[in-house]
Amino acid sequence: MTYDPVRGTYDVLPDAAAWWRLVEEAVRDVARRYNYREIRTPILEHTELFTRGIGESTDVVHKEMYTFLDRRGRSLTLRPEGTASVARAYLSHGLQTEAPFQKLFYLGPMFRYEKPQKGRFRQFEQYGIEAIGSLDPTLDVEVIAFAWTLMRDLGLGGLWLRLNSIGCAEDRERFRELLQVHFSDRLDRMCPDCRRRFETNPLRILDCKEERCRKEIEAAPGSADHLCDECADHFDRVRALLDELGLAYEVDARLVRGLDYYTRTVFELVSSDLGSQDSLLGGGRYDGLIEALGGPPTPGVGFAGGTDRLILVLQARRPRVPAAAPIDLFLVTLGSEGRRIAVRLAEALRRRGLAVEIDHRDRSLRKQLTLANQLDARWSIVIGDDEASSARGTLKEMASGAETPVDLSPEALVRAIGRAPTDD
Ligand code: HAM
């Protein structure tokens, strides 16, 4: 019997891992340029963090969390997203007293019990940023600019940004009532989920993908048309700054996002390559979250994207797997003495920073050279009994076939290969 990966999870095999490194390195590099520092929080959190932070009536909390009791009967949850955890860590460590303004980024697995499909998994990876401690619209724009820069660095065009403002808590309450008025006499034509949302979370109705509901949603009021003066001014300034930076967006009055902590600015970057799961990343402001978690009133803004989803789009656009780091030297061994010398040399060269491989299966010369080619080794050298006893060998450059006699010492090989020692 063999075991398959759990439904909705996947293995990243070594070839595909190159894509992951490509994205992760790009995120780290953009984070460096925008001065966001890395934070790593646990995968396990107390369930209450998410019920309070994300909201009981959201789909994520209501039906997608991996929640269980630990051996002492405490309810724990595998984190479904990173923002609540980062806000919790900000409070747990009193980061607000160290420096009230914090710009943080993270990479890591998240868990949601969703219906698996293309671009949607039960264990998925997110990259995300959170900027905590300022209400200024320049920060909303910086967060959006970060997302655009990341996409540009990865060479991804053909994306667009949906932008909206859902206002402050009071605006949301008023908007909620407006939506209930709008939908009250349309409900009997809408799906059961929307009928439930009408009571628990009418904003979520705007997100429904069902055809029969879309028709009723089209005529619904838009949140950005019903903002208080301060929120309207904030939204105007966000748009003016985006215009000034030449960052494209389209205001989408239907965009509300699926998590309850959002206030004011919300956005999603979307790609047509993803079909129905078109959201490459999403985010917004959460000016009430930290207070809801028991902290002082502290605004925040951020976004997160699915790394796996981003890789799907990258692969669709640039099918070539990013090149793996090549092997510097392949030591072909013949006989036990040759093997003994090769093992010693390989070890010494690796300590000096070179990538070195030998064949561990005692195979023919031809098979070992085939392997050296498959690994894209830059150089090879055959070490048999003669080479072992004379401590001399012939270094072959694989691409050109050019051969150079060398001493079989680590120093001579490092010199011949032309790489400076990095260790020892
Ligand atoms: P979210 O919209 O729930 O927001 O998720 C953000 C992104 O994570 C999505 O746009 C998508 O790329 C990816 N994602 C979500 N669920 C899945 C899944 N099941 N499989 C694959 N990818 C998925 C948040 O998580 C917020 N914490 C974002 C945020 C940060 N807001 C402010 N700061």
Residue pair [X] / [Y], side-chain heavy-atom distance below 4.5 Å:
{"X": "D362", "Y": "R339", "value": "yes"}
{"X": "K215", "Y": "R189", "value": "no"}
{"X": "L413", "Y": "I381", "value": "yes"}
{"X": "E250", "Y": "L163", "value": "no"}
{"X": "V238", "Y": "V141", "value": "yes"}
{"X": "I327", "Y": "D376", "value": "no"}
{"X": "F235", "Y": "V251", "value": "yes"}
{"X": "W148", "Y": "L269", "value": "yes"}

Out of curiosity, [X] [atom1] to [Y] [atom2], how far, rounded to the nearest 0.5 Å?
{"X": "L95", "Y": "Q102", "atom1": "CG", "atom2": "CD", "result": "4.5 Å"}
{"X": "Y262", "Y": "F267", "atom1": "OH", "atom2": "CZ", "result": "8.0 Å"}
{"X": "D287", "Y": "T298", "atom1": "CG", "atom2": "OG1", "result": "9.5 Å"}
{"X": "L78", "Y": "R122", "atom1": "CG", "atom2": "CZ", "result": "13.0 Å"}
{"X": "Y127", "Y": "L310", "atom1": "OH", "atom2": "CG", "result": "4.5 Å"}
{"X": "L371", "Y": "S380", "atom1": "CG", "atom2": "OG", "result": "11.5 Å"}

Could you go through R239 and D243, starting from their C-alpha distance and side-chain angles, then the distance that decides it, and tell me whether this counts as salt bridge (charged side-chain N to carboxylate O under 4.0 Å, His left out)?
CA-CA 6 Å; R239 279 178 300 166; D243 291 338; over 6 Å; no
Basic-acidic side-chain contact under 4.0 Å: [X], [Y]:
{"X": "R344", "Y": "E347", "answer": "no"}
{"X": "D328", "Y": "R352", "answer": "no"}
{"X": "R197", "Y": "D59", "answer": "yes"}
{"X": "R309", "Y": "E125", "answer": "no"}
{"X": "D233", "Y": "R237", "answer": "yes"}

Give a yes or no answer on whether the side chain of [X] reaches the backbone of [Y] with a donor-acceptor pair at less than 3.5 Å.
{"X": "R172", "Y": "D260", "result": "yes"}
{"X": "R196", "Y": "N201", "result": "no"}
{"X": "D11", "Y": "L13", "result": "no"}
{"X": "R79", "Y": "T41", "result": "yes"}
{"X": "H234", "Y": "G167", "result": "no"}
{"X": "R52", "Y": "A292", "result": "yes"}

More than 12 foreign heavy atoms under 6.0 Å from [atom1] of [X]: is that the case here?
{"X": "E244", "atom1": "CD", "result": "no"}
{"X": "E230", "atom1": "CD", "result": "no"}
{"X": "K396", "atom1": "NZ", "result": "no"}
{"X": "E48", "atom1": "CD", "result": "no"}
{"X": "R37", "atom1": "CZ", "result": "no"}

Closest heavy-atom pair and its distance - [X], [Y]:
{"X": "C231", "Y": "R264", "result": "SG-NE, 3.2 Å"}
{"X": "P80", "Y": "R112", "result": "O-NE, 2.8 Å"}
{"X": "A220", "Y": "F183", "result": "CB-CZ, 3.9 Å"}
{"X": "G282", "Y": "E268", "result": "CA-CG, 4.0 Å"}
{"X": "S279", "Y": "V270", "result": "CA-CG1, 4.0 Å"}
{"X": "A89", "Y": "I39", "result": "CB-CD1, 3.9 Å"}

Residue pair S223, N164: steps toward the side-chain hydrogen bond (donor to acceptor under 3.5 Å, both in side chains) verdict:
CA-CA 8 Å; S223 57; N164 196 14; 3.2 Å; yes
Distance-only criterion, 3.5 Å: show the donor-acceptor pairs between side-chain atoms of residues 60-71 and protein atoms not counting sequence neighbours.
unit_1	atom_1	unit_2	atom_2	d
T67	OG1	T77	OG1	2.8
D70	OD1	R72	N	2.9
D70	OD1	G73	N	3.1
D70	OD1	R74	N	3.0
D70	OD2	R74	NE	3.0
D70	OD2	R74	NH2	3.2

May I have the step-by-step check of side chain to side chain contact (heavy atoms under 4.5 Å, CB included) for Q96 and Y90, ending in yes or no?
CA-CA 7 Å; Q96 75 275 20; Y90 179 87; 3.1 Å; yes
Is the gap between the ring centers of F121 and Y10 under 6.0 Å?
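Close enough - the centres of the two rings lie under 6.0 Å apart.
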Donor + acceptor pair across side chains of S57, T200 (<3.5 Å)
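No, because no side-chain N or O of S57 sits under 3.5 Å from a partner of the opposite role on T200.
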Would Y34 and T149 count as a side-chain hydrogen bond (donor to acceptor under 3.5 Å, both in side chains) if you check the C-alpha gap in whole Å, the side-chain angles of each, and the deciding distance to 0.1 Å?
CA-CA 10 Å; Y34 285 79; T149 301; 2.6 Å; yes
Would Y106 and Q126 count as a side chain to side chain contact (heavy atoms under 4.5 Å, CB included) here? Give the steps.
CA-CA 8 Å; Y106 50 89; Q126 272 189 351; 4.3 Å; yes
Chi angles and distances behind the side chain to side chain contact (heavy atoms under 4.5 Å, CB included) call for E38, R28:
CA-CA 8 Å; E38 183 169 5; R28 285 179 192 286; 2.7 Å; yes
Please evaluate residues L22 and L314 with respect to the criterion side chain to side chain contact (heavy atoms under 4.5 Å, CB included), reporting the C-alpha separation (whole Å), side-chain torsions for both, the decisive distance (0.1 Å), and the verdict.
CA-CA 10 Å; L22 183 86; L314 280 171; 4.2 Å; yes
Partner set under side chain to side chain donor-acceptor pair (under 3.5 Å) for Q368, not counting sequence neighbours:
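Checked Q368 against side chain to side chain donor-acceptor pair (under 3.5 Å); zero matches.
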Intermediate values then yes/no, side-chain hydrogen bond (donor to acceptor under 3.5 Å, both in side chains), T83 and Y261:
CA-CA 10 Å; T83 312; Y261 49 61; 3.1 Å; yes
